[in-house]
Amino acid sequence: MSLPAPVLLLPLDISISPNSNGLPGIQQLRNIVGASMTIGLILAVLALILAAIVWALGANSSNPHLAGRGKLGVLVALGAAIVCGASVTLVNFFWNVGQQV
């Protein structure tokens, strides 16, 4: 019984980069993503305001549970605003890291 000859696997020199004109509708998709980022930031500001109100009401009424929920809401709203605002930078950073692999 003969064994098959070993297949030599060499990495190929493939170079693919993002193409901004490869598909129709790319500009509309960019507009939709930009609008959704704007909506996300507006909702994060609204959540921050509401959570601060809940925090203030809880602290003023000596209700530690309500004050704790307000504090957590403030932190979540700030985290959401950071992620929405930094999403393009994060994607570009990880894209560049992935290109170095």
Side-chain angles (χ1 to χ4, degrees):
M1 178 168 170
S2 66
L3 295 174
V7 178
L8 186 59
L9 297 176
L10 294 175
L12 300 175
D13 188 21
I14 299 173
S15 177
I16 301 174
S17 61
N19 185 353
S20 63
N21 56 6
L23 292 173
I26 294 293
Q27 188 59 41
Q28 288 81 7
L29 187 59
R30 285 184 182 164
N31 290 339
I32 291 170
V33 170
S36 63
M37 285 175 57
T38 303
I39 291 171
L41 287 171
I42 290 171
L43 291 176
V45 170
L46 178 63
L48 180 65
I49 292 169
L50 292 176
I53 291 171
V54 169
W55 185 1
L57 288 174
N60 193 26
S61 65
S62 299
N63 187 344
H65 179 72
L66 197 60
R69 291 292 181 171
K71 289 178 191 178
L72 180 64
V74 166
L75 291 176
V76 168
L78 290 175
I82 289 170
V83 170
C84 282
S87 60
V88 174
T89 304
L90 287 171
V91 168
N92 284 333
F93 171 75
F94 286 112
W95 170 263
N96 291 330
V97 168
Q99 292 300 307
Q100 294 174 4
V101 173

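Computed from a predicted structure; not experimentally measured.
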(request) Show which residues join V88 in its hydrophobic cluster (side-chain heavy-atom contacts under 4.5 Å, direct or indirect), or state none. (result) V33, M37

(request) Just jot down the side-chain contact (heavy atoms from CB on, under 4.5 Å) partners of Q27, sequence neighbours excluded, or say none. (result) R30, N31

(request) Taking side-chain contact (heavy atoms from CB on, under 4.5 Å) as the test, write out the residues that go with L50, two or more places apart. (result) L46

(message) To the closest 0.5 Å, what do you measure between CD1 (I26) and CG (N21)?
(response) 9.0 Å

For residues 72-80, tabulate all N or O donor-acceptor pairs below 3.5 Å that involve a side-chain atom, not counting sequence neighbours.
none

(message) Check for me, please, whether W55 and L48 land in the same ILVMFWY cluster - side-chain distances under 4.5 Å, paths through other members count.
(response) yes

(request) For I49, enumerate each residue passing the side-chain contact (heavy atoms from CB on, under 4.5 Å) test, keeping only those at least two apart in sequence or located in another chain. (result) V45, I53

(message) Among residues at least two apart in sequence or on other chains, which ones pass side-chain contact (heavy atoms from CB on, under 4.5 Å) with L90?
(response) A86, F94

(message) Looking at N60 and A56, would you say the former's side chain and the latter's main chain have a donor-acceptor pair under 3.5 Å?
(response) no

